[in-house]
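Data first, discussion second: the structure below is written as structure tokens.
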Amino acid sequence: MPAASSSTNTVVTRFAPSPTGFVHLGNIRTALFNVLLSGKHGGDFLLRIEDTDQERSKDEFTAALMVDMRWLGLDWAQGPTDDDGKPGEYHQSQRLGLYQEYYDKLEAVGSAYPCFCSAERLAVLRKTQLSAGQPPRYDGICANLSKEEVAKKIAEGQKPTLRFRVPKSEEVTFPDLVRGEQRFNSDDIGDFIIRRGDGTPAFFFTNAVDDGLMNVTHVLRGDDHLTNTPRQLMILNALGIRHPEYGHISLIIGNDGAPLSKRNGSMGIREMRDQGYFPEAVVNYLARLGHYYADNSFMTVEELSAQFDASHLGKAPAHFDMTQLQHWQKEALNAADDDTVWQWLGESVYKHVPADKKALFLKAVKPNISNSEQGVEWATVFFGDELLIEDDAKTAIDEAGSEFYEIATTVFAEEADFKAAIKTIGKQAGKKGKALFWPIRAALTGKVHGPEMSDLALLLGVDEIVARCKRAR
Ligand code: GLU
């Protein structure tokens, strides 16, 4: 049996998903925080697949998760390597023999015992306790069976569960990295099941044992696991295995006010990739969703790591905010080089934009889009056969009147310098500010908002500018 975890000074964090569905923003944020924490200390981040629920776990979910994490740049120093998601040494389903050794060890030291109580008996017990106003707790009927009694029941074909024997009147305390000191009284926790009647392990048992055996030093996870922690600490304590420090983070609240989950239609990472989100945008957004950064600049994973601090994790639920995500998407776009943005825009843009206009197009459009459809929209504005005039642009054109465009057409044709031309038009037409810019913008793009005027002028070129002003007239 491997000895208790060796003590090293390296920070080791982990992400331990159960592959029962496609990973969504909520799960991946947990992974990210663990990546950032280990990154901050130059430690290791480990990926462990908790697939002990044989029925619900699927290799395809593990494979998809690995793709999603790599896409986001959240790589693991230890963990599965096979891209097909097939079980390997970092899958719990491959470690069942090992867990059995620890069950045996607990039984040997009297910290676990077989329990033969039927589900029916336990249901009645629970009901009775609840109606008497008591918290439901196992009453310990099987806690002191003799060896002979146990052997007899097993010989009769009964299939016991294995229960952990909770020490009496002990205070279990731990300093939560997010929530501060936590206290639990062991008497409030009844002896609990660590192995089911069918031999399958309870998740919090294998989870705790593996954290210990894999030398995990810090666990950041959802606060839905907070009540598991005293149980896990007692198990590790009984086994003499070093336990990690835990921090319980608040869940994300979805747009509908309910926690994000695999079931409530929250956005999957795959979906976000398909929608054209940049991985850096997702990472910058998620890092700040429930974690305070004083620095609001767009950062790499390394930079986010350096400024990560578990004490900056919020205790209150974090609200998912689409506008924030869009903000980081724009930041990511602006930070990306032209080739990356061009690739990201795709075929539907290439077919409109002439090759020699690529750089000018990107310069004009990059600050004005957050998805590739918007790129296509601008490509058609500049290079499409027909210019679609939006309602407020039409109003601006009408208000400016034909005389304005008469002037604009002449001036643009004569004055090569766009800025100077605008100035002259303003003077001649007696207009400035919005009354000057909107009608020009409207004539050139069919919209009253969009790229910098000087950028779009370069992109269109004099002939097209003149032609569009004529058309507006
Ligand atoms: N497999 C567990 C889950 O996905 C892990 C919980 C933990 O991080 O400890 O909820």
Side-chain angles (χ1 to χ4, degrees), residues 13-36 38-39 44-95 203 206-207 210 214 216 219-222 224-225 249 251-252 254-255 258-287 289 301 304 320 322 325 328-329 332 340 343-344 346 371-372:
T13 64
R14 52 72 163 174
F15 180 46
S18 306
T20 56
F22 290 109
V23 74
H24 59 71
L25 281 173
N27 326 117
I28 218 71
R29 185 187 62 146
T30 303
L32 172 63
F33 285 157
N34 283 289
V35 167
L36 296 179
S38 60
D44 276 355
F45 169 69
L46 174 159
L47 176 63
R48 182 176 69 234
I49 307 300
E50 304 210 319
D51 58 343
T52 51
D53 183 339
Q54 306 269 0
E55 255 162 54
R56 294 173 59 221
S57 299
K58 301 239 166 359
D59 296 350
E60 68 166 299
F61 293 136
T62 304
L65 165 87
M66 290 166 68
V67 170
D68 289 345
M69 289 188 57
R70 287 196 176 119
W71 176 69
L72 288 167
L74 309 182
D75 225 333
W76 47 96
Q78 301 174 52
T81 47
D82 289 337
D83 289 349
D84 54 11
K86 291 253 181 309
E89 56 178 327
Y90 285 91
H91 281 66
Q92 290 191 321
S93 60
Q94 305 307 298
R95 300 168 59 83
F203 119 79
T206 56
N207 176 273
D210 278 345
M214 295 179 177
V216 171
V219 169
L220 294 176
R221 61 179 176 184
D224 50 334
H225 290 295
I249 53 181
L251 299 182
I252 305 175
N255 299 341
L260 288 189
S261 75
K262 287 173 194 167
R263 287 181 196 84
N264 81 353
S266 61
M267 233 190 297
I269 301 302
R270 242 233 280 235
E271 244 178 295
M272 301 189 73
R273 187 165 58 237
D274 292 347
Q275 287 179 19
Y277 281 99
F278 279 85
E280 296 86 356
V282 179
V283 163
N284 269 273
Y285 175 54
L286 288 183
L289 186 56
V301 171
L304 287 165
F320 181 79
M322 200 62 188
L325 177 60
W328 291 110
Q329 171 75 353
T340 308
Q343 277 224 325
W344 168 83
N371 59 52
S372 53

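For this chain, numbers begin at 1 and follow the sequence in order. Please read these numbers as outputs of a predicted model, since none were measured by experiment.
- Between Ser38 and Phe45, the shortest heavy-atom distance links the atoms OG-CB, 3.6 Å.
- Counting heavy atoms from C-beta outward, Asn34 and Arg221 have side chains that stay 4.5 Å or more apart.
- Under a cut-off of 6.0 angstrom, the local environment of CD in Gln275 is crowded, with over 12 non-hydrogen atoms contributed by other residues, nucleotides or ligands.
- Interatomic distance, Asn27 CG to Met69 CE, rounded to the nearest 0.5 Å: 10.5 Å.
- A donor-acceptor pair under 3.5 Å links the side-chain atoms of His91 to the main chain of Gly88, judged by distance alone.
- The backbone N or O of Phe203 lies less than 3.5 Å from a partner atom in the side chain of Thr206, making a donor-acceptor pair.
- A distance-only check finds no donor-acceptor pair linking the side chain of Asp59 to the backbone of Lys86 [under 3.5 Å].
- In this structure, the side chains of Arg273 and Asp68 come closer than 4.5 Å at one or more pairs of heavy atoms.
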* To do: Assess whether side chain to side chain contact (heavy atoms under 4.5 Å, CB included) is satisfied between Leu220 and Thr13, documenting all intermediate values.
  => CA-CA 8 Å; Leu220 294 176; Thr13 64; over 6 Å; no
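- Between Met66 and Trp76 there is a side-chain heavy-atom pair separated by less than 4.5 Å.
- Not a single donor-acceptor pair under 3.5 Å links the side chain of Trp344 to the backbone N or O of Ser372.
- Proximity of the aromatic rings of Phe278 and Tyr285 is defined here by a centroid distance below 6.0 angstrom, and this criterion is not met.
- Partner of Thr62 under the side chain to side chain contact (heavy atoms under 4.5 Å, CB included) criterion, chosen from Ser57, Pro17, Pro19: Pro19.
- Residues Arg29 and Ile249 are in side-chain contact: their nearest non-hydrogen atoms beyond the backbone lie under 4.5 Å apart.
- A heavy-atom distance below 4.5 Å is found between the side chains of Ile49 and Leu65.
- Considering every non-hydrogen atom in both Leu251 and Gly222, the closest pair reads CD2-CA, 4.1 Å.
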* May I have the step-by-step check of side chain to side chain contact (heavy atoms under 4.5 Å, CB included) for Arg14 and Asp210, ending in yes or no? => CA-CA 11 Å; Arg14 52 72 163 174; Asp210 278 345; over 6 Å; no
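- For Pro87 against Gln94, the heavy-atom pair with the smallest separation is CB-NE2, 3.2 Å.
- The side-chain heavy atoms of Phe33 and Leu286, taken from C-beta on, include no pair separated by under 4.5 Å.
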* Applying side chain to side chain contact (heavy atoms under 4.5 Å, CB included), run through Phe15 and Val35 and close with a yes or a no. => CA-CA 9 Å; Phe15 180 46; Val35 167; over 6 Å; no
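- Side-chain contact between Leu289 and Leu25 is absent, with no heavy atoms from C-beta onward closer than 4.5 Å.
- The two residues Ala332 and Glu280 make their nearest non-hydrogen contact at CB-CB, 4.4 Å.
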* To do: Quick one: do Leu72 and Ile269 satisfy side chain to side chain contact (heavy atoms under 4.5 Å, CB included)? Show the steps, please.
  => CA-CA 9 Å; Leu72 288 167; Ile269 301 302; 4.1 Å; yes
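- Across Glu50, Arg95, Arg48, Gln78, a single residue satisfies side-chain hydrogen bond (donor to acceptor under 3.5 Å, both in side chains) together with Tyr90, and that is Gln78.
- Judged purely by atom type and a 3.5 angstrom limit, His24 uses its side chain to pair as donor or acceptor with the backbone of Gly26.
- For Arg270 (side chain) and Ala64 (main-chain N/O), no donor-acceptor pair under 3.5 Å exists by modelled atom type.
- Shortest non-hydrogen contact noted between Trp71 and Pro279 is O-CB, 3.2 Å.
- Of all the heavy atoms in Gln329 and Gly276, the pair that sits closest is NE2-O, 3.0 Å.
- A 4.5 Å side-chain heavy-atom check between Thr340 and Gln343 finds every atom pair outside the cut-off.
- Of the possible donor and acceptor atoms, none in the side chain of Asp75 sits under 3.5 Å from a partner among the backbone N and O of Arg70.
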